[in-house]
Amino acid sequence: MKLDRLYEILFHNYGDLKWWPAETPFEVAVGAILTQNTNWNNVEKAIENLKKTDLLTPYGIYRSDENMLKKLIRSAGFYNQKCERLKILSEYIIKDLKGNIVNLKKYDLKQARERLLALKGIGKETADSILLYALDFKVFVVDTYTLNFFERLKIGKFSSYDECQNYVHECFSGDIKAYKNFHALIVEHCKNFCKKHPKCIDCFLNSKFCFWVEKFNVNVKFNR
DNA sequence: AGCCAGGCCTGCC
DNA sequence: GGCAGGCATGGC
């Protein structure tokens with residue numbers, strides 16, 4: 001499988017990143033919405049606020065006063081939209097899933113994904129993050145880092161989210177734990193490199209990463 | 001001071 | 001079906 005070695009390289013560099021950091025599946029879902037185009041540091045503060053006020057449950061958020069909720073999640077930015085999105089998700093969980101998001105597990109992957117995507121404010125990345133990290137569906141999470149990463153390494157230039165995801169599903173043989181870590185590793189790796197030259201491979205392949213690429217002798221095999 | 005962060009929706013073409 | 005613009009805070 002073409003992507004298995006790439007995963008090994010990243011794993012040797014960064015290890016098990018233990019994503020997603022959360023105590024409950026619902027906390028994963030809330031974090032997935034709050035982190036939309038937002039630094040995780042800002043999200044953590046918001047989640048802490050929700051925990052302190054004992055609102056980090058579907059009922060807690062559904063019944064909470066909007067203005068109070070906005071204040072609690074303010075640090076995560078876009079708080080007007082995100083307030084609405086959290087309310088919509090919570091209402092769906094209460095009314096269709098008996099108050100527990102884990103009940104999405106009674107559907108297969110395709111159906112569960114469609115149900116999440118039908119909610120306003122949940123797009124593909126957010127849905128897949130919830131499916132993978134909260135519900136243990138084996139699905140690869142794509143983001144802007146991933147598309148950029150694959151393009152730089154000449155693994156492929158994908159024109160859409162689904163195209164990239166399908167490629168990984170075909171070319172990566174990892175189990176669910178590996179799927180969880182694979183996305184985390186790509187994010188972690190990309191965060192560490194030069195953003196000012198988005199196409200520059202040299203900005204991407206320094207430090208230990210290069211060492212492992214050579215050790216695994218895969219530098220040419222990145223080309224499909 | 002200015003750019004960016006683990007996107008998504010809407011309106012236009 | 002692609003693309004720009006809007007959404008907002010906090011860290012570097």
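Chain letters run A, B, ... following the sequence lines, proteins first, then strands; residues in each count from 1.
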query: Run the salt bridge (Lys or Arg N to Asp or Glu O under 4.0 Å) check on Lys18(A) and Asp16(A) step by step: do they pass?
result: CA-CA 5 Å; Lys18(A) 304 187 187 309; Asp16(A) 180 3; 3.6 Å; yes
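Comparing Lys120(A) and Thr35(A) by the nucleotide of DNA chain B whose heavy atom lies nearest to each, the residue mapping closer to the 5' end is Thr35(A). Of the two residues near DNA chain C, Lys45(A) and Ser160(A), the one whose nearest nucleotide lies more 5' is Ser160(A).
For dG10(C), the OP1/OP2 oxygens have a side-chain nitrogen or oxygen of Arg74(A) closer than 4.0 Å. Within the structure, every side-chain polar atom (N or O) of Tyr79(A) is placed at least 4.0 Å from both OP1 and OP2 of dC7(C).
Straight-line distance from the CG atom of Leu89(A) to the C1' atom of dG7(B): 15 Å, rounded to whole Å. Across the protein-nucleic acid pair, Lys124(A) atom NZ and dC9(B) atom P stand 11 Å apart, rounded to whole Å. Regarding Gln36(A), its CD atom lies at a distance of 10 Å from the C1' atom of dC9(B), rounded to whole Å. One atom, CG of Leu72(A), and another, P of dT9(C), lie 15 Å apart when rounded to the nearest Å. Between Glu44(A) atom CD and dT9(C) atom C1' the separation is 15 Å, expressed in whole Å. Atom P of nucleotide dC8(B) and atom CG of Leu86(A) are separated by 14 Å, given to the nearest angstrom.
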Atom pairs, N/O to N/O, protein against nucleotides 2-5 of chain B, distance under 3.5 Å?
none

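The aromatic ring centres of Tyr179(A) and His183(A) sit 6.0 Å or more apart. Here Phe140(A) and His169(A) keep their ring centres 6.0 angstrom or further from each other. Aromatic rings of Phe182(A) and Phe11(A) (six-membered ring for Trp) have centroids beyond the 6.0 Å cut-off, not under it.
Asn42(A) and Ser75(A) share no donor-acceptor pair across their side chains, judged by distance under 3.5 Å alone. Using modelled atom types, one finds no donor on one side chain facing an acceptor on the other under 3.5 Å when comparing Tyr161(A) with Asp143(A).
When each of Asn192(A), Ile186(A), Val187(A) is tested with Cys190(A) by the rule side-chain contact (heavy atoms from CB on, under 4.5 Å), just one qualifies, namely Ile186(A).
For the segment residues 126-139 of chain A, the set of residues with a heavy atom within less than 4.0 Å of an atom of DNA chain B comprises Thr126(A), in numerical order.
Across all strands, Lys82(A) comes closer than 4.0 Å to no nucleic acid atom at all (heavy-atom distances). Gln81(A) comes within contact range of at least one nucleobase, with a heavy-atom separation under 4.0 Å.
A salt bridge links Glu23(A) to Lys51(A): one of the charged nitrogens lies within less than 4.0 Å of a carboxylate oxygen.
Separating the P atom of dA8(C) from that of dA1(B) is a span of 24 Å, rounded to the nearest Å.
In this entry dA8(C) has no Watson-Crick or G-U wobble partner, no candidate having both defining distances under 3.5 Å.
A cation-pi arrangement, defined by a distance under 6.0 Å to the six-membered ring centre and an angle within 45 degrees of its axis, is absent between Arg115(A) and Tyr92(A).
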